[in-house]
Amino acid sequence: MNTADKIKQLAKAYAPETVQVRRHIHANPELSFEEYNTASYVKQILESYGIASENMAETGLVALIKGRNPEKKTIALRADLDALPIVEANEVDYKSKNQGVMHACGHDVHTASLLGAARILQELRDEFEGTIKLVFQPGEEKFPGGASIMIKEGVLQNPSPEGIIGQHVFPLLPAGKVGFRSGMYMASADEIYITVKGKGGHAAIPEMNIDPVLISAHLIVALQQIVSRHASPKIPTVLSFGKLEAKGATNVIPNEVKIEGTFRTMNEVWRKEAHQKIKKLTESLCESMGGSCDIDIKNGYPFLQNDPELTGRARAAAELYLGEDNVVDLDLWMGAEDFAYYSQEVPACFYRLGTRNEARGITSGVHTPTFDIDETALETSIGLMAFIALQELNA
Ligand SMILES: [Zn+2]
Ligand SMILES: [Zn+2]
């Protein structure tokens, strides 16, 4: 029997357990960096498969599956453990028992899938050469991102993986399908906090005031020039301001206005340049209109770069495993993901797992109270991840 068929057989046999594991994690969600019970549950399951693990980043885990000749090559597979502060609205047996916390981003699926893939790889360890590194990280949803902490604590050393592979649920894609994109895929995301300072007073005597509301109106329009005139059309860039707070009244000009927004792009050099341009334009525009400002730009996750060679091979493996019809090209996605930190360090591939089932009404987006998945996707995900890992060890 060839490797793909062997893995398909194991995936079919292990999928029911993966469903149970996913449901357990789903019913017992924990917020970012508080994944103590989830981590000990994962540890216990790995142990039951004969895989020893080590704690990392407080609530994360790392484990190795050694094949024959383990020094030959190492490939890392990554899952994230954390849930979101959302009240679950699904009426299912495995509904969150932790009121106000919900696995609404599918990290329960990623963790259960990596455990399922690990079970398959452990079963086949005499049949491959090299080492599989399993990375279960905390805190994907919360800055500074569990990935950055795992990297600082050495997850990419001893042994250093030649590549890292992660997957994420994708409710826009039907279960049974997966999606890939080579090169830039997801955006960096930085937070912008501006306080525009003027001089408040009676709205009937504008000549006595410095109006921070008018300055802010100009500023918001002017800052879009960073996107339309300074960003290269070849580099996706988004600047959005979602919060604007001027606590005056119909007849009161306030002293200051607070503005908050997000800056997203897909190039680290341009990202730094853009921050400088945003600061300079904000300061000089406020000053030119008689006001002043405080501006703070907080760096979020970097942009996510899928290594073209690794992604090409992973995609080819997926076509082999699932058939060409079940592998699609992904569009750019201006959302951010802390897997991007790994992609700045080693060749990385982040692909999407289809979880949608239109006929069963499973269509809600991630981060919504009704997000759920078609669990048939789990058989696909555990087998495919194991297969991609083995193809990569052989590459
Ligand atoms: Zn999320
Ligand atoms: Zn997520």
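Hydrogens, waters and symmetry mates play no part in the numbers below; they use all other heavy atoms, side chains included. Start at 1 and go down the list; that is how both ligands and their atoms are numbered.
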Report summary line: Looking at Glu141, the N/O/S atom that lies nearest to the Zn ion (ligand 1) is called OE2
Query raised in the report: salt bridge (charged side-chain N to carboxylate O under 4.0 Å, His left out) with Glu129: which of Lys73, Lys72, Lys66?
Result: Lys72
Requested in this report: Could you tell me whether any N, O or S atom belonging to Glu140 is less than 2.8 Å from the Zn ion (ligand 1)?
Outcome: no
Requested in this report: Please lay out, stage by stage, how Tyr193 and Ile295 fare under the test side-chain contact (heavy atoms from CB on, under 4.5 Å).
Outcome: CA-CA 6 Å; Tyr193 298 88; Ile295 174 162; over 6 Å; no
Requested in this report: Determine which of the N, O or S atoms in His367 is closest to the Zn ion (ligand 1) and give its atom name.
Outcome: NE2
Query - Within 6.0 Å of NZ in Lys12, more than 12 heavy atoms from elsewhere - result: no
Query raised in the report: So does Lys258 pair up with Glu256, basic N to acidic O under 4.0 Å?
Result: yes
Query raised in the report: Could Arg264 and Asp190 be called an ion pair, given the rule that one side-chain N must be under 4.0 Å from one carboxylate O?
Result: no
Query raised in the report: Closer than 2.8 Å to the Zn ion (ligand 1), do we get an N, O or S atom from His107, backbone or side chain?
Result: no
Query - N, O or S of Cys105 under 2.8 Å from the Zn ion (ligand 2) - result: yes
